[in-house]
Amino acid sequence: MKRFYCSCGQEIFFDNTICVACGSQLGFDPLSRDIMVAVPDNGKTAPVWRSNDGRTLRGCEHRSFATLPCNWLLAADDADDDVAQCRSCRSTRTLPTLSIEGNAVRRAKLEEAKRTLFYSLLRLNLVDAEETEQDMVFDFVEDQRINPEAKAKIAYTGHANGVISINVIEADDSERVRMQEMMNERYRTVIGHLRHESGHYYWDRLIRDDKQWLARFRAAFGDESGYQEALKHYYEQGAEPGWEGSFISAYASSHPWEDWAESWAHYLHMMATLETAASFGMVAIDAEVDSNFDALLAEWTRLTVRLNALNRSMGMGDVYPFVLSKASGAKLAFIHERVKQNTIN
Ligand SMILES: [Zn+2]
Ligand SMILES: [Zn+2]
Ligand SMILES: [Zn+2]
């Protein structure tokens with residue numbers, strides 16, 4: 001994430017709706033990927049923003065959320081009056097039962113994480129900022145642990161045909177940590193789920209229908225037949241000993257699709273965190289480093305060692321609990337090359 005500033009000079013953050021220093025109404029414009037200050041008015045009408053390139057923008061409908069309001073903007077002159085939500089919020093197709101206590105906050109937490117995902121996808125030119133026809137859509141699902149009336153005893157997080165399902169229980173920190181321990185995972189976050197599932201979506205978009213890339217994928221990750229059997233085997237037997245030499249996580253060893261999705265999530269973690277580090281002057285990424293994946297990886301390794309050391313000084317666990325083997329690095333390089341060559345937009 002880059003750094004943002006209010007017109008008064010105050011540093012502001014990606015989720016801020018109001019500047020703490022001057023009280024200005026703030027909004028994030030997905031097209032320019034910048035935070036803008038609303039046009040001053042008497043406060044009686046809904047705030048309006050004007051971009052440098054002459055667009056008039058309005059706030060997302062979810063700006064009214066009591067917890068974690070959405071600060072994203074959309075075109076004010078949108079011909080379609082039905083569109084009341086920003087690029088990120090309107091990709092949500094299914095909501096949990098909002099009359100159930102806690103679900104409104106869970107939903108807002110998932111939306112917050114989704115905006116972070118969309119920021120990365122916009123930056124990597126993987127989504128169109130103004131698209132109103134959704135192809136990647138999200139179902140925020142609940143199960144009987146939250147709503148005794150829900151159909152599913154356990155609702156699974158996953159991807160199918162462009163629809164990403166996220167169980168809203170993942171927004172509860174205590175539940176998520178419990179599941180992390182139960183599954184013996186090194187890392188489990190809401191943004192991690194979203195990045196992983198988006199990987200399955202982008203495999204369909206970037207690999208599946210392209211003969212050459214599909215052949216290269218199979219050479220790098222393996223043949224993708226036998227998915228259900230492979231997952232069943234993984235859940236019964238666990239990962240093969242020594243998986244660390246070839247895979248970024250134990251789960252990545254279950255099947256080439258999961259290896260791709262885990263590597264994709266890792267690539268998004270890396271690109272997002274490197275951008276943040278670079279914007280604070282913690283890593284040096286010039287055009288030369290940016291065009292050389294090995295150099296980018298070297299910066300990443302240096303940074304993660306420091307991040308973990310900082311966390312340990314505060315008595316916290318490692319922020320980066322991964323060991324990046326040569327084989328995993330090569331898979332990230334493959335994804336980087338594919339993303340750079342992407343022609344979606
Ligand atoms: Zn300000
Ligand atoms: Zn929104
Ligand atoms: Zn997966």
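Each ligand, and each atom within it, is numbered from 1 in the order the structure gives.
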Residues Arg178 and Glu185 bridged, charged N to O under 4.0 Å: no
Inter-residue atom distance Asp204.CG - Asp209.CG, 0.5 Å rounding: 7.5 Å
Opening angle at the Zn ion (ligand 2) [SG, Cys89; SG, Cys70; to 10 degrees]: 110°
Metal check, the Zn ion (ligand 3) vs Glu262 N/O/S, cut-off below 2.8 Å: no
Within 45° cone and under 6.0 Å: Arg3 NZ/CZ vs Phe280 ring: yes
SG (Cys22) to the Zn ion (ligand 1) to SG (Cys19) angle, given to the nearest 10 degrees: 110°
Side-chain donor-acceptor contact under 3.5 Å, Tyr202 with Glu197: no
Metal proximity, His62 vs the Zn ion (ligand 2), N/O/S cut-off 2.8 Å: no
NE2 (His200) - the Zn ion (ligand 3) - NE2 (His196) angle, nearest 10°: 100°
Atom nearest to the Zn ion (ligand 3) - Glu258, N, O or S atoms considered: OE1
Option passing ring pair (Phe, Tyr, Trp, His ring centres under 6.0 Å) with Phe28 (candidates Phe13, Trp72, Phe118): Trp72
